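Quick notes on the structure that follows.
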Amino acid sequence: MTTAPPLPHAPVLDWFAEHARDLPWRRPEAGPWGVMVSEFMLQQTPVSRVLPVYEQWLARWPRPADLAAEPPGEAVRAWGRLGYPRRALRLHAAATAIAERHGGEVPSDHAQLLALPGVGEYTAAAVASFAYGRRHPVLDTNVRRVFARAVTGVQYPPNATTAAERALARELLPEDEARAARWAAATMELGALVCTARTPDCARCPIAAHCAWRAAGSPAHDGPPRRGQSYAGTDRQVRGKLLAVLREATGPVPQRALDAVWDEPVQRARALDGLVADGLVEPLADGTYRLPLT
DNA sequence: GACTCGTGGGT
DNA sequence: TACCCAAGAGT
């Protein structure tokens, strides 16, 4: 057991009280379902691109049961170009589970949240904390970066979340429940607005004076390269093109319409098979394809 | 642990 | 221009 290095809560909480963005899922009317929808959409996706889709989604499906009542393909279509469309499928599946097992109410219990499709450690903690004010360490990429710098004194956290990071996050969590929930949101916001990955704005940072990384002279990242994500020419790109055709179609799509998006037949077939295997695309008996009805 | 899974804006 | 990277989850 190590002792947590000093990192005062008050400056971060005060900064958050003054500078927090007015995001729709932070308003009281969003409710737990709004928080959950936002968390799914924000997985690996910037706020600016989530905003319009979120508004349309909540207007169309104001409760989990509303979404569950529709085919999963409608969720995939409404997902639009947010990326990683399996999230849409999982959100639909989560809504179905909530309607069937939880009386239509998003659970507040961390373990019950974690059992839902598409809900991992981060999202379970985020929903419990932001929607219900529960006390959980919320470790997303922003918080990990803030702690890596302010406490550990390095520019970037490890590629994968470590046990040490989890332990640190738990040690730094305020005892008071409501305060812990605000701390979670505040540290995330600090990472998103000030302690950014590329060019941190230390002049505006409320804990610059306590930052171990600054104190060490802001040393450059030292360690294994942070693996980049290639995209051009990958199956992911082909899947994206195939699904875009299906999203925009009103009826079943013939094979030739899909063949037109990529000229390499082996990769094209592999991508399409993958989409079918994932449940994102439904092949029909006559050789056409559509977004899934079941 | 290493990999896969979309998309687009910022630098 | 060519990267970098954005509130992760599942296998």
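Proteins get letters first, then strands, A, B, ... in listed order; numbering begins at 1 in each. No hydrogens, no waters, no symmetry mates; every other heavy atom, side chains included, goes into these values. Keep in mind that this is a model prediction, so the values were computed, not measured.
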In whole angstroms, how far is the [atom2] atom of [N] from the [atom1] atom of [X]?
X        : N      : atom1 : atom2 : value
A/Leu91  : C/dA9  : CG    : P     : 13 Å
A/Glu165 : B/dG1  : CD    : P     : 12 Å
A/Arg87  : B/dG6  : CZ    : P     : 10 Å
A/Asn159 : B/dA2  : CG    : P     : 8 Å
A/Gln155 : C/dC4  : CD    : C1'   : 13 Å
A/Leu89  : C/dG10 : CG    : C1'   : 13 Å
A/Leu139 : C/dA7  : CG    : C1'   : 12 Å

(message) For A/Arg60, is there an ion pair with A/Glu70 - N to carboxylate O distance below 4.0 angstrom?
(response)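 Salt bridge: yes.
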(message) Measuring only the P atom in each nucleotide, how far is B/dG10 from C/dA7? A whole number of Å is fine.
(response)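 About 14 Å, rounded to a whole number of Å.
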(request) Provide the distance between the two P atoms, one in B/dG6 and one in C/dC3, to the nearest whole Å. (result) 22 Å
What residue pairs, at least two apart or across chains, pass ring pair (Phe, Tyr, Trp, His ring centres under 6.0 Å) with a residue in [range]?
range                       : answer
residues 89-130 of chain A  : A/His110-A/His136
residues 49-84 of chain A   : A/Trp25-A/Tyr54, A/Trp57-A/Trp61, A/Trp57-A/Trp79
residues 159-208 of chain A : A/His9-A/Trp183

Could you list the protein-to-nucleotides 7-11 of chain B atom pairs, N/O on both sides, closer than 3.5 Å?
| unit_1 | atom_1 | unit_2 | atom_2 | d |
| --- | --- | --- | --- | --- |
| B/dT7 | OP2 | A/Tyr231 | OH | 3.4 |
| B/dT7 | O2 | A/Arg49 | NH1 | 2.8 |
| B/dT7 | O2 | A/Arg49 | NH2 | 3.2 |
| B/dG8 | OP1 | A/Arg81 | NE | 2.4 |
| B/dG8 | OP2 | A/Arg81 | NH2 | 3.2 |

Answer with base, sugar-phosphate or nothing: what part of the nucleic acid does [X] contact at a heavy-atom distance below 4.0 Å?
X        : answer
A/Tyr156 : sugar-phosphate
A/Ser38  : nothing
A/Trp79  : nothing
A/Leu23  : base
A/Val119 : sugar-phosphate

(message) Other residues, nucleotides and ligands only: do more than 12 of their heavy atoms fall within 6.0 Å of CD on A/Glu18?
(response)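 Atom CD in A/Glu18 is not packed in, count stays at 12 or less.
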(request) Could you work out the complete set of other residues in the hydrophobic cluster of A/Val281, with links drawn between I, L, V, M, F, W and Y side chains under 4.5 Å apart? (result) A/Val76, A/Leu89, A/Val238, A/Leu242, A/Leu243, A/Val245, A/Leu246, A/Val253, A/Leu258, A/Val261, A/Trp262, A/Leu272, A/Leu275, A/Val276, A/Leu280, A/Tyr289, A/Leu291
(message) Taking the nucleotide of DNA chain C with the nearest heavy atom to each, does A/Gly191 or A/Arg90 sit closer to the 5' end?
(response) A/Gly191
(request) Report the distance from atom OG1 of A/Thr123 to atom CG of A/Leu114, rounding to the nearest 0.5 Å. (result)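 A/Thr123 OG1 to A/Leu114 CG: 9.5 Å, rounded to 0.5 Å.
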Nearest listed nucleotide, side chain of [X], among [options]:
X        : options              : answer
A/Ala197 : B/dG6, C/dA7, C/dA6  : C/dA6
A/Asp235 : B/dC5, C/dG10, C/dA7 : B/dC5
A/Leu42  : B/dC5, C/dA7, C/dA6  : C/dA7

(message) With a 4.0 Å limit, can you tell me whether A/Thr123 has a side-chain N or O closer than that to the phosphate oxygens OP1/OP2 of C/dA9?
(response) yes
(request) Return no unless some side-chain N or O of A/Arg145 is found under 4.0 Å from OP1 or OP2 of C/dA6. (result) yes
(request) For A/Thr234 and A/Arg239, test the side chains for any donor-to-acceptor distance below 3.5 angstrom and give the result as yes or no. (result) no
(message) So does A/Leu42 get a backbone contact from the side chain of A/Thr45, meaning a donor-acceptor N/O pair under 3.5 Å?
(response)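 Between the backbone of A/Leu42 and the side chain of A/Thr45 there is no qualifying donor-acceptor contact (under 3.5 Å).
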(request) Check for a donor-acceptor pair, side chain of A/Gln237 on one end and backbone N or O of A/Gly233 on the other, with a separation under 3.5 Å. (result) yes
(message) Let's see if you get this right: which residues in residues 260-283 of chain A place a heavy atom under 4.0 Å from DNA chain B?
(response)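 Within residues 260-283 of chain A, no residue comes under 4.0 Å of DNA chain B.
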